[in-house]
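Remarks on the structure that follows.
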Amino acid sequence: MKDVKYLFAYSVPLATWISLISEGVFAFTAPLYTFVFIPLLEAFLQEFNHEYSESDKQKRAANFLFDVLLYLNIPLVFGLLLFGFSNLQSTSFSTATQVGHIISMGILLATNAINVAHELGHRSGLFQRSLAKLLLLPCLYMHFYLEHNFGHHKNVATPEDPATSIKNQSLYSFWLSSVFLQYRNAWRIQRKLLKTHQQSFFSIKNDMLWYHLFQAAYLWTIFMFFGTSVLFVAVGIGIISFLFLETINYIEHYGLRRKKNSSGRYERVQTHHSWNSNHFIGRIVLYELTRHSDHHFKAAKKYQPLEHQPESPQLPFGYPTALLVAFVPPLWFAIMNPRLAAAV
């Protein structure tokens, strides 16, 4: 029964639905819930740190119900997008209400599409990896699958990883470098994979080409059914979602660096190469993503047995609060640089 807590991950879709059926200030229910209510709640809730036995870890990893909780996000996400697009096409809303709906759908994609895609993208099964790519489709960020799994996890906390922010780099500078360099890296990874398998650029094995075709088809379908204005909304919420992803990337490894050993190779990824957050609500809403140190230490580990790593550097707040602080670079530097100095 204690794992019923993961149903809380559906609270963002619920808040999004309330936003989409509302006007005025209530159209901002999802952003207010995510960035006001959750941070306030986390400020008063005690952190929980339950350690699992090896037997518990194996049982949790094998429990199919945890996978079902992830799969249910697919009809939720696409159903809410369809509802939101239809609403915007058929109803004349004020500019403020439209902005609320757009931000809410962008947050939905960031939390219940990209984040779930990240979890499923680490699985070995073709079905689960395909669902991961499907969830990345409306985020217009399908190349994330390639770069994250074959680039970020290999190069994390090194200068070779554009998804690792450096000390005193502002969030806005990081957005530019990470978005464009990860896209470039995804093409490099794709070309390397094609060469390894002796395939040409126009091979059916070129996933990057498929990603662009699928995303173009998605946007064309929206244009045909909902028109130009909703097409711009679809592009806008995709951008919002992947900028939230990049903001999370920014806070997860800020300033941390792996050292080179005597052979000139980087040391193995350890738990101290990621910032950890054990704040309860953010953990559950994001399927334990905030226990990021354990995730990078064992990337194939499913979300349900991920554990708090007390020896890793700790964020002083949960992810929703951390995102807000990162939007104000001087405040972020003032809070995080002393912690970074103590961590390295």
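Positions are given from 1, in the same order as the sequence printed here. Hydrogens, waters and symmetry mates are skipped; everything else that's a heavy atom, side chains included, is used.
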Taking atom types as modelled, find out whether [X] and [Y] have a side-chain donor-acceptor pair closer than 3.5 angstrom.
{"X": "Tyr287", "Y": "Gln304", "result": "no"}
{"X": "Gln314", "Y": "Ser312", "result": "yes"}
{"X": "His292", "Y": "Glu252", "result": "yes"}
{"X": "Trp175", "Y": "Ser170", "result": "no"}
{"X": "Asn337", "Y": "Tyr254", "result": "yes"}
{"X": "Ser177", "Y": "Gln169", "result": "yes"}
{"X": "Glu23", "Y": "Ser94", "result": "no"}
{"X": "Gln182", "Y": "Asn185", "result": "no"}
{"X": "Glu160", "Y": "Tyr266", "result": "yes"}

Step by step, would you call Tyr6 with Tyr303 a ring-ring contact (aromatic ring centres under 6.0 Å, His included)?
CA-CA 11 Å; Tyr6 289 113; Tyr303 74 93; 5.3 Å; yes
Side chain proximity check, [X] to [Y], heavy atoms < 4.5 angstrom:
{"X": "Val77", "Y": "Leu109", "answer": "yes"}
{"X": "Leu193", "Y": "Leu146", "answer": "yes"}
{"X": "Arg60", "Y": "Tyr52", "answer": "yes"}

Please list all pairs passing the side chain to side chain donor-acceptor pair (under 3.5 Å) test where one or both residues lie in residues 194-208, with sequence neighbours left out.
Gln199-Ser203
If you take the centroid of each ring, where Trp contributes its six-membered ring, are [Y] and [X] closer together than 6.0 Å?
{"X": "Trp275", "Y": "Tyr250", "value": "no"}
{"X": "Phe244", "Y": "Phe35", "value": "yes"}
{"X": "Tyr141", "Y": "His143", "value": "yes"}
{"X": "His212", "Y": "Tyr183", "value": "yes"}

All side chain to side chain donor-acceptor pair (under 3.5 Å) counterparts of Ser263, not counting sequence neighbours:
Asn261
Could you tell me how the ring of Phe37 sits relative to the ring of Tyr33: parallel (under 30°), tilted (30 to 60°) or perpendicular (over 60°)?
parallel
His153 vs His118 aromatic rings, parallel, tilted or perpendicular, using cut-offs 30° and 60°?
parallel
Just by distance, do the side chain of Lys301 and the backbone of Leu306 share a donor-acceptor pair under 3.5 Å?
no
Donor-acceptor pair, distance only, cut-off 3.5 Å: does the side chain of Thr16 make one with the backbone of Met105?
no
Under 3.5 Å donor-acceptor pairs involving side-chain atoms of residues 216-225, not counting sequence neighbours:
| unit_1 | atom_1 | unit_2 | atom_2 | d |
| --- | --- | --- | --- | --- |
| Thr221 | OG1 | Ala217 | O | 2.8 |

Pairs under 3.5 angstrom only: tabulate donor-acceptor contacts from the side chains of residues 232-240 to other protein residues two or more places apart or in another chain.
none

If you look only at pairs with a residue in residues 132-155, which of them pass as a salt bridge (charged side-chain N to carboxylate O under 4.0 Å, His left out), with sequence neighbours excluded?
none
Distance from Ile189 atom CD1 to Phe150 atom CZ, nearest 0.5 Å?
8.0 Å
If the condition is side chain to side chain contact (heavy atoms under 4.5 Å, CB included), which residues does Phe180 pass it with, not counting sequence neighbours?
Leu176
Among Glu311, Gln309, His308, which one satisfies side-chain hydrogen bond (donor to acceptor under 3.5 Å, both in side chains) with Asn276?
His308
